[in-house]
Amino acid sequence: MLLRKAVPVLALTIAAVLAAPATAAAAPAPAITTTNTTTTGADGATGRTSTATVDSGLRALADANPVIVVGGLSGFAAVYGPLAARLRADGYRVWVYELPNLGLGDIAASASGLRGFVGQVRSAAGGAKVDLVAHSEGGLVSRYYIKNLGGGDAVGRYISLGTPQYGTYVANIVAFLGLGSCAGVVACQQMTIGSSFLTALNAGDDTPGPVRWTTVRTWQDELVRPVDNATLADGATNVLIQSSCPLRVVGHLGLVLDGTTYTVIRQALRDAAIRPDCLAL
């Protein structure tokens, strides 16, 4: 059974491991310990900011919300090290939330874990709210937390990267391998188009509460098909990388590592106009 569950996520896991940095790009502060999560603290625990030279028009304010990077399916915390390092270099206090059991289980359960994690980060950082930068399944975990677990009062900004907000046909692909419905992986079943989970999550307002909502997607996303299922309605800012940068090639995992995508993330965190830098590394 374990082998069967590993099949639909094996390719992404291998890509994640290959992309993981050998060491953290910034010295972490003491990590927050939570059950079934891996956390990465930042020097933001003491309120200090990086002195790295960055575009002054995009430098984070000293009192900016702490940022939680929410991982996706099979997304080890180390995969998000480069993104966390970019954010720290801009002066943000950053933590990484690795989904319990690498996101294979119930999305609602992962959201419950996120609620506890957010509470600990807010306590450690002394901030009234946090901003969430969520990759893939992490965007659904974050949305469930905001909509159903009281997260609207704790989250200032929500930025999703390649999240199948309305499901993905790829979640059904293992049926062609004769492994049944997503090989029994609950989260995969919940991300199928038309699933009961997504029907409930998308009922009513897509973007509840005072949260500022942004989604980012790419034409080359090999795991979210159709790619427009990564958008939200009801006032969200939906960004397609290739609308501004038609020659930019960015895959699903690439949304975490790509420089152009990062320019969108930091503009959204500053409530700035979204103008992707097509040449960013």
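Position 1 is the first residue of the sequence; numbering continues from there.
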- Message: So, taking the atom named OH in Tyr92 and the one named CG in Asn65, what distance separates them when rounded to the nearest 0.5 Å?
- Response: 9.0 Å

- Begin with the C-alpha distance, continue with both residues' side-chain angles, and end with the deciding distance and a verdict on side-chain contact (heavy atoms from CB on, under 4.5 Å) for Thr218 and Asp221. CA-CA 6 Å; Thr218 172; Asp221 196 319; 3.9 Å; yes

- Quick one: does Tyr80's side chain have a donor or acceptor within less than 3.5 Å of a partner on Gly72's backbone? yes

- Item | Which residues share a side-chain hydrogen bond (donor to acceptor under 3.5 Å, both in side chains) with Ser142, sequence neighbours left out | none

- How far does CG of Leu198 sit from CD of Gln190, to the nearest 0.5 angstrom? 8.0 Å

- Which residue, Leu269, Ile159, Val239, forms the side chain to side chain contact (heavy atoms under 4.5 Å, CB included) with Val264? Val239

- Message: Under the side chain to side chain contact (heavy atoms under 4.5 Å, CB included) test against His135, which residue among Thr163, Leu161, Val79 passes?
- Response: Leu161

- Message: Please determine whether residues Ile193 and Met191 belong to a single hydrophobic cluster, defined as Ile, Leu, Val, Met, Phe, Trp and Tyr linked transitively by side-chain heavy-atom distances below 4.5 Å.
- Response: no

- Task: Go through the steps for Tyr144 and Leu140 under the test side-chain contact (heavy atoms from CB on, under 4.5 Å), then give the verdict.
- Result: CA-CA 6 Å; Tyr144 190 95; Leu140 297 177; over 6 Å; no

- Message: Are Val211 and Leu149 connected into the same hydrophobic cluster when the rule is that any two of I, L, V, M, F, W, Y join if their side-chain heavy atoms are below 4.5 Å apart?
- Response: yes

- Are the side chain of Glu98 and the backbone N or O of Gly71 linked by a donor-acceptor pair below 3.5 Å? no

- Note on the structure: Rounding to 0.5 Å, atoms CG (Leu87) and CZ (Arg93) come to a distance of 12.5 Å

- Crowding at CZ, Arg212 (>12 non-hydrogen neighbours, <6.0 Å): no

- For the student: nearest non-hydrogen atoms of Val227 and Arg217, plus distance: O-CD, 3.4 Å

- Any side-chain heavy-atom pair from Ser243 and Trp219 closer than 4.5 angstrom? no

- Atom OG in Ser110, atom OH in Tyr145: separation rounded to 0.5 Å? 14.5 Å

- Message: Please give me the minimum heavy-atom distance between Asp205 and Lys147, naming the atom from each residue.
- Response: O-NZ, 4.3 Å

- Correct closest heavy-atom pair for Leu255 and Thr261 would be O-CG2, 3.3 Å

- Query: In this structure, which one of Ile107, Thr207, Leu201 forms a side chain to side chain contact (heavy atoms under 4.5 Å, CB included) with Arg143?
  - Reply: Leu201

- Among Asp277, Ile274, Asp258, which one satisfies side chain to side chain contact (heavy atoms under 4.5 Å, CB included) with Thr263? Asp277

- Task: Grab the two heavy atoms, one from Cys245 and one from Thr260, that are nearest each other, plus how far apart they are.
- Result: SG-CG2, 4.0 Å

- Task: Could you tell me which non-hydrogen atom of Leu73 sits nearest to which non-hydrogen atom of Leu99, and how far apart they are?
- Result: N-CD1, 4.4 Å

- Verify the cluster assignment for Leu114 and Val186: are they in a single hydrophobic cluster under the rule of side-chain heavy atoms below 4.5 Å apart? no

- Message: For Tyr166, run the side chain to side chain donor-acceptor pair (under 3.5 Å) check against Thr231, Thr199, Asp206, Asp228 and tell me which one passes.
- Response: Asp206

- Establish, from distance only, whether the side-chain atoms of Gln220 and Gln242 form a donor-acceptor pair under 3.5 Å. yes

- Message: According to a hydrophobic-cluster definition based on side-chain heavy atoms being under 4.5 Å apart (Ile, Leu, Val, Met, Phe, Trp, Tyr only), do Val69 and Phe76 belong together?
- Response: yes

- Note on the structure: Closest non-hydrogen atoms of Pro276 and Ser244, given as atom of the first, atom of the second and distance, are CD-OG, 3.6 Å

- Message: Please evaluate residues Ser112 and Arg115 with respect to the criterion side-chain contact (heavy atoms from CB on, under 4.5 Å), reporting the C-alpha separation (whole Å), side-chain torsions for both, the decisive distance (0.1 Å), and the verdict.
- Response: CA-CA 5 Å; Ser112 180; Arg115 176 176 58 181; 3.8 Å; yes

- In sequence, state the C-alpha distance, the side-chain angles, and the governing distance for Ser136 and Leu223, and then conclude on side-chain contact (heavy atoms from CB on, under 4.5 Å). CA-CA 9 Å; Ser136 193; Leu223 295 182; 5.7 Å; no

- Out of curiosity, Asp90 CG to Arg270 CZ, how far, rounded to the nearest 0.5 Å? 9.0 Å

- Backbone of Ala154 reached by a side-chain donor or acceptor of Arg122 within 3.5 Å: no

- Query: Is the side chain of Asn229 donor-acceptor paired with the backbone N or O of Pro164 at a distance under 3.5 Å, no angle test?
  - Reply: no

- Query: Tyr97 and Ile146: same hydrophobic cluster, using ILVMFWY side-chain contacts below 4.5 Å?
  - Reply: yes

- Item | Contact list for residues 150-162, test side chain to side chain donor-acceptor pair (under 3.5 Å), sequence neighbours left out | Asp131-Arg157, Arg157-Asp271, Tyr158-Gln165, Ser160-Gln165

- Looking only at atom types and distance, does a side-chain atom of Gln267 sit under 3.5 Å from a main-chain N or O of Arg275, one as donor and one as acceptor? yes

- Distance, nearest 0.5 Å, that separates CG of Leu279 from CG of Leu247: 10.0 Å

